Amino acid sequence: MLELKRTLDAKGHGVLEMPSGTGKTISLLSLIVAYQKVFPLEVSKLIYCSRTVPEIEKVVEELRKLMEYYSKQTGESNNFLALALSSRKNLCIHPEVSSLRVGKEVDGKCHTLTASYIRAQRHSDPDLPVCRFYEDFDAVGRQMPLPAGVYNLDDLKDFGKRNGWCPYYLARYSLMHANIVVYSYHYLLDPKIADLVSKELTKKSVVVFDEAHNIDNVCIDSMSVNISRRTLDRCQTNVETLQNTIQKIKETDATKLKMEYRRLVEGLKEANVARETDVYLSNPVLPDEILQEAVPGTIRTAEHFVGFLKRFLEYLKSRLRVHHVVQESTPQFLKDIFDKVCIDRKPLRFCAERLRSLLRTLEIADIADFSAVTLISNFATLVSTYSQGIKTLLFSVSHFTLSPLDIYPRILDFRPVTMASFTMTLARTCLCPLIVGRGNDQVALSSKFETREDFAVIRNYGSLLQEMSAIVPDGIVAFFTSYMYMENIVAAWYEQGILENIQRNKLIFIETPDAAETSMALEKYQEACENGRGAILLSVARGKVSEGIDFVHHFGRAVIMFGVPYVYTQSRILKARLEYLRDQFQIRENDFLTFDAMRHAAQCVGRVIRGKTDYGLMIFADKRYARADKRGKLPRWIQEHISDGSLNLTVDEAVQLSKHFLRQMAQPFRQEDQLGLSLLTLEQLESEEMLKKISQIAHQT
Amino acid sequence: MDEEPERTKRWEGGYERTWEVLKEDESGSLKATVEEILFQSKRKRVTESHGQVRLGMMRHLHLVVDCSRSMEDQDLKPNRLTASLKLIETFVEEYFDQNPISQLGIITTKNKRAEKLTDLAGNPKKHIVALKKAVDTVCLGEPSLYNSLHLAIQTLKHMPGHTSREILVILSSLTTCDPANICELIKTLKSLKVRVSVIGLSAEVRVCTVLTRETGGSYHVILDESHFKELLMLHVKPPPASSSSECSLIRMGFPQHIIASLTDQEAKPSFSMSHLDSSSGADLSLGGYFCPQCHAKYTELPVECKVCGLTLVSAPHLARSFHHLFPLQAFTESPTEQLQKDRFCQACQGELKDKSIFSCPSCCSVFCVECDLFIHDSLHCCPC
C-alpha cells in the first residue's frame, strides 16, 4: 500500500510483485479508489487491465464488494460508475448476431447492421435489416448517462435488454465518464483497437496491468502479421471481387468514384463522424504526419489501386516460394520490392488507408470476408512505416512474421518509480519447495535436450510421480515443458508399466491442445479430487492450465515441474526478439531465456497456493533448478522457503520431506493461530508496537 | 533375530532424518509453531470439555480400520497395521473402562470391500481377541470408505435414539474406491445423526474433511505414534449429547456378587450364561453375579442378560461414567513469573519450568501442565 501510494504521489510507473492469493486486486482497488475520492482532480479514472473474461469478472466482483463496504460504512450511496468492457461476442444481445460463436463473425455481422453507410442507405431503402438495439441507443442513449454503480458484463447486458440499448456501444460510450474501467489488455495495447476505444481517455488515469508478465506477449501478438499461402490465395479472390465491384459501380455510378478521388487529393483528413462503428478497418498505427499528407497519385484511382494490390500480392507470392529461411531487415525488403515490381515506399504506406476508403466507397458491408486483403494492406503499411526494429522473416513454411520490437520496449521501457516485491507473512510455512535433482539410482534428472530420450531419466521421473501419488492426498498437477515431451514420456511410462502403478493411487488426466477436451478433463479431475479418489493432471507449462486455472486447496496439493520450461529456442519470432534485445538493451540471450523459463515455472507452481489457509508442495524436478542463477530468478516468496536442505534431493528424500510436511500441514489450523501474525484485529493494528513494525518493514523495501 | 527378519534390516526402511528433529528448533520456525499449536490444542481439549454439558453416556461406536496396501508402510514401527492394531487394543480397553455401558464394533476394509470383524457388543475381550488375530491379515488393494460406512449404518440405524451413533475411521490410504457417489451417503449419515470422525495416518484428504464437517465429527492427522495414541484417546471421552436426542429411562439390574465358600455344602457349581455361546472357557464355578430378575448367573459385568435382556451393571461402573456429568473445572493458566510462592507443582513436587502454570480455581493449588492433564484426564478430581 505504501509503495503504491508513493507511486501515485510521484505520478510515475510502478512494478509490484506479490504472491498469489494475498489480495492484490482488493488492495490495489481500495487504495486507488480512496485516492480517487480524496483527489478527484488528480486521478480521474482507473483503468484496470486484465487478461481473460473470467478474470475481468472477478475484478468487478471485488469492486462491488468494496463499493458495498463504502456505502455501508459511510451511509451514503456513492456516485462511482464502474464497468467492464469486452468484445461484441460477449456483450451482444441481438438475437441473431449473438448466436454466432466466433468473435470475427459476430464483429462482421454487427458491422453489416450498424456501419454508418449501411445506415445511410437505409434511409432510402427501409427494408434493409437493422439492429434495433443500436438504433435505440443512438436515438436516446447518448443523452442519458449510465446510472452510477458497478456493472459486470451480465449487468450491462441486463441493462441493455431492459432499455433496448446495445450494451457494447453503451459501454464504449460510458467509458468516457466512468470512474473505473475494467477491460482486456488489447483495448489499451493493441494500437489498432486502442485508437478507437481508449483514445479519449484522459491523461489523469491510473492504469493497472494485472498479471503483467503477459504484456510483452500481448504486444507481440497484436502487432504481428502472419501471412501464409492461404491468406494470399484468399487475398487474390478479394482483389478480384474488388475489381468487379469497381467495374459495376463505374457503370452505374461513376460520380461516386470521382468524388472519392477528389477527396483523396485533398488529403486523408476526413471527418471523424462515421468512424465509431467502422472499427474493423481502422488503420494500424499511422503516424500523424502521414495523415496530413495526400495519398500519392499512383494509387488514387480505384483501378490503379487494385492493380497496385495485385502487383504487391504477386511479389509476396514469389517470395513465399522460397524454401529456406530468409531474414531481412525492412530497408532490404523495400529495396527488393522496388527492384522487382517497381513499388515505391510511399504508396505502400498508404495502402491500408486507401483500402479503407475504397471499401467505404464501394459500400461493402461484410468486412469479415475481406480480412485477408486488409491483412496484406496492413502489412504493407507497417513494413514501410517502421524502418527499423522490424524484421521481415521469410520462412520455408511460408510464413511472414513481423515482430514490431520497437513497440515492445516502448511500452516496457519505462523508468519505474517503485519496484517492490512483497512476500507473505505466514503463521505457518504453507509451501514447501523441493528441488529434486537425482533419481534413487543417482542419475541426474534433467529435461535437457541431450538427455531427453534417456530411459533412465524417464524412468526416474516416473518413479517420482508414482511415489508422490502414493503420499499426496487429492490432486496433483504435473507440468511438462511441451506437448511433445509429455507425449513421449507418457508413452514410455505406459510401456514400463509405471502408469498402471500410478493408477492404483490416482486417476490420470491429460491436457491436450484441444480446449474442449481439456476443460472436460479438468472437470473430471475436480470431481475425482472431490470424492476422494484422487487425481493427477498432466499438463504443459505455457498451456491453458498453467495460465488461467487455479487449483485451490485440495485441487492442488502438489505441483511437479518436470524440467525447465524453456521456450522453443529455434522459433523465428523468439530469435528476432532475442536479437533485438541484445542489440538494443545489451540483454544476453541466455539471461532472457532463463528469466522467461523461470517466470513460467513460477507461474505454474504458483497455481497451488491461493491464500494463507492453503498449502502445497512445489517440486522442481530438474537438477538445473538448484543452480543459483535459476533459483535467484524465482519470486522472492518462493525463494525464501528454499533452504539448503531442499536442494538436489533424491526421489526418496523428497518423499520423506513431503510426508513430514503434509502431516504438519494437516494439523488443525484455526483463525486464532493466525491472529497477530498474518491476521490483525483492529486493536492490534492500531497498537504502537505493530505500527512500528509496519513502518520498519516499509523502510526495508 | 529370527522372529522378525524384515524388521531388523534397517536399510530396507525409509529414510529417517533423525538428526533433523534436533536441528529444527533454531533453523525453522516450523516445528516451534506446530508444537505451539499442538500445545494449545492440548489445553483446549481440557478446557473445552468443561462446563455442564450433557454427555451421551450410552454410546454405539463402529470402528473402521483400513487394511489396504498402504497399511504396510513402515513409518510406524514395525508397520502401520501392527502399530495401529496395538493402539486400538488399548483404545478398546480404555473405551470400556470409561464407558462401561456402551457398545463397540469393528469393521475392516480392504480390496474395495468392507467386512465386519466383530459385531456391536459390550464385551472388550471378544474385540481384543479379534484384533490380535487381525495382525496377520494381508494388506492389499484400496479401501472403500463408502462400503464401510454403509456397512456401519446398517446396524447403527437400528440403535435407539437416546444412545449416540458414532463411527471412527482410521484411514491410512489417500484414496478410496467407491461404488457410488459418497456425497449422497454423507447426506444419509447426517439425517441419521451418525457422527463420523476420522484419524488419518498420512495426510489430509478432502473427502474426509467434508465428511467430518457435515456429520459433526472431528478430523485429525497423526504426526507420530504418540500423537496417534493421543488422538485415539480423544475418542474415549463421550461426545456431548445432541439436544435432539431422546431421553428415556432404562431398566438396569444391579446383581450382587455372591461368593460361595467351598465349605458351604449347599453351593452347587454351575455354568455362567455368558459362556453359552463361546465354546472355550466354559468352566463350572460356584459364585457369581445373579440377575435380579431371572437369576441367570454371570461371572463378569457389565453384560446384557441373555435370558431376560436386562442390562446388568455394578454400581462402580455407573459411578465411573458419572464423572462425565460433573466434570472438574478447568484450571486457570497464568505465567510462571507471577507466582510468588515456591515454584513447585503441588502434585508431582517437580520444579515449575514451563512458561505457564495452572491453578485450581477452588483451592488455588498450583500445578504443572502435565499434572493438569493427568488430573483432568484420569483423576477427575482435584487432589488438594
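As the structure is a computational prediction, the values presented were derived from the model and not from experiment. Convention: sequence-line order gives letters A, B, ...; per-chain numbering from 1.
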Counting heavy atoms not belonging to [X], are there more than 12 under 6.0 Å from its [atom1]?
X	atom1	value
Glu115(B)	CD	no
Arg438(A)	CZ	yes
Glu214(B)	CD	yes

Exercise. Minimum heavy-atom separation for Thr175(B) to Asn505(A), with atom names?
Worked result: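 Of all heavy-atom pairs spanning Thr175(B) and Asn505(A), the closest is CB-O, 3.4 Å.
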Exercise. How far does CG of Leu174(B) sit from NZ of Lys506(A), to the nearest 0.5 angstrom?
Worked result: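 Interatomic distance, Leu174(B) CG to Lys506(A) NZ, rounded to 0.5 Å: 5.5 Å.
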For this session: To the nearest 0.5 Å, tell me how far Lys659(A) NZ sits from Ser202(B) OG.
Result: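 The NZ atom of Lys659(A) sits 8.0 Å away from the OG atom of Ser202(B).
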For this session: Could you tell me whether the side chain of Gln667(A) and the main chain of Val221(B) form a donor-acceptor pair under 3.5 Å?
Result: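 Yes, because the side chain of Gln667(A) sits within donor-acceptor range (under 3.5 Å) of the backbone of Val221(B).
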Exercise. With no hydrogens and no angle check, is any side-chain donor or acceptor of Asp474(A) less than 3.5 Å from a backbone partner on Arg206(B)?
Worked result: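 Confirmed, Asp474(A) side chain pairs with Arg206(B) backbone.
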So for [X], is it side chain, backbone, both, or neither that comes closer than 4.5 Å to the heavy atoms of chain A?
X	value
Leu211(B)	neither
Ser70(B)	neither
Asp224(B)	neither

Problem set entry | Segment of Val655(A) engaging chain B (4.5 angstrom heavy-atom cut-off) |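 Neither part, no heavy atoms under 4.5 Å.
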Exercise. Looking only at heavy atoms, which of residues 520-533 of chain A get nearer than 4.5 Å to chain B?
Worked result: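 The list, in residue order, reads Cys529(A), Glu530(A), Asn531(A), Gly532(A), Arg533(A).
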For this session: Apply side chain to side chain contact (heavy atoms under 4.5 Å, CB included) to the pair Glu142(B) and Arg504(A), showing each step before the final yes or no.
Result: CA-CA 8 Å; Glu142(B) 295 93 20; Arg504(A) 269 196 237 158; 4.0 Å; yes
Problem set entry | Leading residue by heavy atom contact count with chain A [cutoff under 4.5 Å; candidates Asp178(B), Ile182(B), Val210(B), Ile222(B)] |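 The candidate making the most pairs under 4.5 Å is Ile222(B).
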